[in-house]
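See below for the structure under consideration.
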Amino acid sequence: MIWDETNERLSRDEMDDLQSKKLVEMVERAYHNVDFYRKKMHALGITPEDIHGIEDLDKLPFTSKQDLRDNYPYGLFAVPQNEIVRLHASSGTTGHPIVVGYTRKDLSNWAELVARCLYSYGIGKDDFVQVAYGYGLFTGGIGMHYGVEKVGATVIPISGGNTKKQIQIMKDFGSTVLACTPSYALHLADTMKEMGVKPEDLKLRVGVFGAEPWSEAMRLEIEKRLNIKAMDIYGLSEMTGPGVSFDCDIHNGLHVNEDHFLPEVIDKDSLETLDYGMEGELVFTSIQKEGIPLIRYRTGDLTVLHDEVCECGRSLVRMEKCIGRTDDMIIIRGVNIFPTQVESALLEMGLTEPHYLLFVDSVDNLNHLEVWVEVDESLFSDQIKKLQTMTELIKKNIEDSLGISIKLKLVEPNTIERSQGKAKRVIHRNKD
Ligand code: DLL
């Protein structure tokens with residue numbers, strides 16, 4: 001189902017024209033209203049007159065998360081405060097959070113973009129959407145909320161946490177859609193089991209999952225456990241929040257709402273723009289944002305872009321499911337590893353629970369990886385031999401798939417902390 005027949009199906013030439021026009025307007029606004037961009041452009045010896053369209057994108061400076069932190073809280077806003085009607089923030093692990101501001105127009109565009117996503121998942125007026133993303137400064141809850149209202153479905157604004165109550169509400173209110181992180185969806189599935197609630201006791205049919213990296217194997221696992229269709233939604237606060245790109249029934253990558261967010265993939269070391277089909281760091285320019293337009297924002301997410309028209313009929317560029325964030329990359333003896341790769345190797349075997357945690361131990365400046373994964377309780381009461389055989393089997397599969405050697409520990413159910421939002425998959429233990 002296509003929400004915006006015009007903008008989701010533009011020909012490449014039409015999209016190039018639209019993006020070029022919006023880019024030129026946005027650069028003009030950023031240059032005249034944001035000191036930071038004026039200075040950056042002067043340093044590169046350019047002015048808005050040098051930017052005629054998307055062919056000039058690579059003349060423009062990059063923006064980093066650090067730039068947002070350095071200009072905390074409002075330094076990159078491009079409109080007077082009295083035009084900002086909402087603030088959100090994303091808490092980083094270190095330093096100041098990132099603050100983003102929205103004008104009234106930004107908010108209506110955002111709701112429209114989330115509506116595109118939800119409609120693509122087959123969600124409409126007859127649905128009850130339980131929004132279990134956190135409400136607050138995080139963009140997940142409130143961002144989804146207005147998109148749900150836009151498609152005309154009924155929103156259940158429960159926010160995150162209170163897991164047993166979530167399930168009770170799901171049952172009593174007849175929720176047909178669950179929106180939360182994939183890791184929280186798994187936790188809900190486990191808790192349902194504990195409470196004796198079966199998928200057939202619920203009306204749930206679609207999941208709107210995102211805000212953290214998750215593999216295709218995990219998507220299939222959640223579909224099986226909850227007996228629903230699980231769809232991916234991607235976004236980041238710096239662009240708008242959820243709704244930057246979205247899945248369709250073909251599951252052949254996420255469609256980027258590129259009439260609003262101009263995507264590029266770059267080599268993170270040379271900063272050269274890479275062609276379609278090549279893996280690199282995702283960079284976005286928000287060409288329609290008024291409150292805080294960002295030029296060539298480096299997301300830190302790794303992916304591959306594709307420009308072929310999708311079988312679903314959309315011509316919007318597709319990004320492959322994010323492999324991971326550069327921050328979460330683990331380097332083990334020169335090999336780059338992402339948690340999603342371990343996740344795929346584990347889940348494909350189907351021998352364990354989908355709950356895992358990675359420990360990186362640094363010993364004499366060399367990293368070692370230890371993987372913990374939960375297995376069924378019954379295994380611990382069986383003979384030790386069986387447990388050992390299984391450990392070897394799983395260890396070998398992960399090692400073959402990653403090309404490194406690891407330590408593997410099978411642990412009892414509920415050993416690994418459950419998340420209500422974004423799961424923490426990697427713990428660094430410095431043993432130097
Ligand atoms: O997580 C916005 C969001 C809310 C997206 C709800 C989807 C659903 P931030 O907290 O700013 O915003 O975190 C953004 O999360 O750069 C990615 O690293 C990661 N991320 C978000 N969605 C996905 C996804 C929200 N579908 C950061 N797959 C991004 C993989 C994702 N990673």
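Because only heavy atoms are used, hydrogens play no part in the values below, and waters and symmetry mates are left out as well, while side chains stay in. All ligand and atom numbering here is 1-based and tracks the order in the structure. Along the sequence shown, residues carry numbers from 1.
- Below 30°, between 30° and 60°, or above 60°: for W3 and Y119 the angle between ring planes is above 60°, a perpendicular geometry.
- Close contacts of ligand 1 with Y133, meaning ligand atoms under 4.0 Å from a residue heavy atom, involve 6 (C), 8 (C).
- Cation-pi geometry between K289 and Y102 is met: the NZ or CZ atom falls under 6.0 Å from the ring centre, inside 45° of the normal.
- Of the protein's non-hydrogen atoms, the one nearest atom 10 (O) of ligand 1 is K422 NZ, 3.0 Å.
- For the pair E212 and ligand 1, the shortest N or O to N or O distance falls below 3.5 Å.
- Heavy atoms from both the backbone and the side chain of L236 come within less than 4.0 Å of ligand 1.
- Annotation: atom 11 (O) of ligand 1 to nearest protein heavy atom, S237 OG, 2.5 Å.
- When hydrogens are left out, the protein atom nearest atom 25 (C) of ligand 1 is G235 O, 3.5 Å; that is the closest non-hydrogen contact.
- At under 3.5 Å, not a single nitrogen or oxygen of F209, backbone or side chain, sits near a nitrogen or oxygen of ligand 1.
- Between K65 and D327 there is no salt bridge, since none of the side-chain N atoms of the basic residue sits less than 4.0 Å from a carboxylate O of the acidic one.
- Each of Y135, F138, W110 was scored for a ring-ring contact (aromatic ring centres under 6.0 Å, His included) with H88, with one residue passing: W110.
- Scanning the protein for heavy atoms near atom 29 (C) of ligand 1, the closest one is D301 OD2, 3.3 Å.
- Using cut-offs of 30° and 60° on the angle between ring planes, the pair F284 and Y234 is tilted.
- Checked by atom type and distance alone, the side chain of N257 pairs as donor or acceptor with a backbone atom of G243 at under 3.5 Å.
- When only non-hydrogen protein atoms are considered, atom 19 (C) of ligand 1 lies nearest to A211 O, 3.8 Å.
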